[in-house]
Structure formats: C-alpha cells, structure tokens
Amino acid sequence: MKIPFLDLGPQHQMLHEPILQAWTEILDTTRFVSGRSVAEFENAFGLAHEVEHCVAVSSGTEALVLILRTLGIGVGDTVVVPANTFIATAEAVSLVGATPVLVDCDPQSKNIDAAQAVTAARSRGARGIIGVHLYGQPADLDALDRDSDILVVEDAAQAHLATYKGRPVGGIGRAAGFSFYPGKNLGAPGEGGAITTNDSELAAEVRMLRAHGEVQKYESRIVGTNARMMELVASTLAIKLPHLADWTAARQQVAAWYGERLGDDPDIELPWHPDFVEPVYHLYVVHLEQRDTVAAMLNEAGIATGLHYPIPIHLQDAYHHLGYHQGDFPNAERSAARLLSLPMYPELTETEVDYVCDRLRDAVARCSDGEIHD
Ligand SMILES: Cc1ncc(COP(=O)(O)O)c(C=O)c1O
C-alpha cells in the first residue's frame, strides 16, 4: 500500500468542472484583479468565522505583516512569538522592522506557553503576542490576553474553522492571519491569505495597505504595498469553502481513528488538546523516540510522513542574530527531535489509517526492543 502524506488530488478532481467554469468566466471578462470573486470570497470566509471583516491578501505571511503594520508595530518594537512554529510567524515581525521575542511551547499542547508569553511580553515591553494555532489547534488566547496593552494577534494559517471556547478562531484576538497555501485545510491554486477582524478601522487600513495605500485609483493616503489576491485564486477558494466543514469533519474522523488505534501505546505520544478547543487537524503530529528510524521504516512500507518543524525558530540560522542558544527552549527542542507528522487529509480511509497504525506500532516496538537503533 502507498500512502502519501497529503493528497490534493481528490478535492480538485471533484471540483474540476466548477473551477474551470469560474476560471473561464474570469478569462472572458479579463477581470483578473479586484473583481467580484475576491469580494464574494471575503464575505463567505468572514461569515464562516463569525467576524465582521475579512480582507483577502496574497499570502498568509503578508496577512501577518499587514496586521502588524496596521497596529503600528515597527522598528524598535518587540513582539512575542513561539519558538515552535513555522518561520513565517517570526518573519512577519522581522519584516516590519520589529524584533521577535521567542518563548517556549507548552509540553502537552505544543502551542505557545501562555504564562511565559505574558511574562516575556511584560519584561521586554512587547507591543504584542502572536498566538499560533499550531497544527490547527487553537492557542489559549484568553490566557495570553491578561494585559490590555499587549495586542494579541492570531496566526490562524493552519486553523480554518477551528474553535476556541465555542467560537471560531479569527475573531478572538485583535486580528488574525490565515493562509491558503495549497496544502492548507482550505488551499488555493497558488498563494493566498486573509485577515479577519472585528475592528473596522483595522480592516479599512488593511484594505488600503494591500493596494498601495489607495483610497481611490492613483490617490494614496498611506505607503502601502501590493498584496492583493488574484481573482483566479478567490474564485477557487469560494468554490471550495462550502465543502470545508465536511473536509474538517473528515480530518477529525481520521484523527479519532488514529487516537483509537494508537492511544494505548506507551511509546507513542498522541496530540493533546484542552477540552475548550476543537482542533481541525491541519497536521496530526505524534512524538516518539528514535523518530528518524521510525520515519525511515514507514517510508519503506510506503507511508510518507512529515516534520513540523525540525528546527525551532531560535536555532534557525536566519535568527542567529537574536542570540539564542541550544537549551533556551527545552520543550520546543525536545519536540523538534521527536515529532512526526502522520498522513492527514480528508479522504484517508479507515483501512489506510489501519495500515499506518499497524506499521507505526510495529516500527516503534522494534525500536524500543532495541532491535533497531537511530
Ligand atoms: C503557522 C504559519 N504561519 C504563517 C504561514 C505563512 O503562510 P503563507 O505560506 O501563505 O505565507 C504558514 C504557512 O505556510 C504557517 O503554517
């Protein structure tokens, strides 16, 4: 049996016709930018996340950058971000000229350690904290928001439709950045992102910023950029969005199957989340000793896996200048060495999950018996 880590084929085959039709209309009207599809998608995505405003942009990274710019964060400012995340979270801070202050992750949830984040934010005089809903699991935003002077921004790149205390992410912090990179739970045919917020002023400013600061054509009020979403992208996302709830439920079912089949293995640490969040399983990440050997054995058995993320931010060369060292964030480092992302996509079948779990249990057992070493 061959099991890919992610298979984008089925959902695009299913929606091939309507997507082609939408693209043909765009080709015929030649309205490639700032047309009907972007506005329609913004409305639908905002409604799905129960927020007042949604502004579509060119990527998730750009979404975070524009949020920070709108909040007036820039040179001389600091923003707290978790060490255990994709690099774009920290990059967004750097791109506006501010400095990321890193904190460790919680050993259980692997999300930002809220207590450390609040302490670091106060002691470093940070303007904000970016709570990343890592792997599709909401960070504990209420625990981050203890000090009204510190702005809480959500990095919801991996968490479309996830809920926190019964509410969808995206409207809980001051603003949220989503990504529609192709492999995300809602993936674009290319790059894409969105900002969601309940703050009307912030939304209006982001709209200006994404299109050269223009209030009308060739009249710029502020120095902006070009971060618009393409119509081809928006039309596809609008066609896919009505299916997202079903795809999310299917991911949750796959996660449940994994949990049932692996839960009693003491050598496999499963994802954990507090009961006030509902994760959407962008990734299903387990933790184990001898991870590399196990991954190689799975690969031999035709099962592809991933690593999210093998190098924490403080140990990336790109952030060498921040002066962090090995040992600074032990939970993130331990996690980076042990994590393994199992195949996860809505169309995975129970038989395929059975196969992954059998092979995984077998590989882990052989490693822990000392039969095979890293
Ligand atoms: C946690 C996180 N933040 C930010 C981003 C950046 O999104 P994009 O790739 O659309 O720029 C991603 C996605 O790659 C991500 O996973």
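Order of appearance sets the numbers: ligands from 1, and atoms from 1 within every ligand.
- For Phe178 and His49, the ring centers sit closer than 6.0 Å to each other.
- A side-chain contact (heavy atoms from CB on, under 4.5 Å) with Ile129 holds for exactly one of Ile112, Val81, Val153, Val101; it is Ile112.
- Scanning for salt bridge (charged side-chain N to carboxylate O under 4.0 Å, His left out) contacts around Glu350 gives Arg261, with sequence neighbours left out.
- Ring planes of Tyr309 and Phe86: tilted class, angle from 30 to 60°.
- Listed by chain and number, residues touching ligand 1 at under 4.0 Å (heavy atoms only) are Ser59, Gly60, Thr61, Thr85, Phe86, Ala88, Thr89, Val132, Asp155, Ala157, Gln158, Ser179, Lys184, Gly192, Tyr309.
- The aromatic rings of Phe180 and Phe45 sit perpendicular, their planes meeting at an angle over 60°, well past the 30° parallel limit.
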Note to self: If you apply the rule side chain to side chain donor-acceptor pair (under 3.5 Å), what do you find for His133 with Glu154, and how did you get there?
What the structure shows: CA-CA 7 Å; His133 304 315; Glu154 297 172 62; 2.9 Å; yes
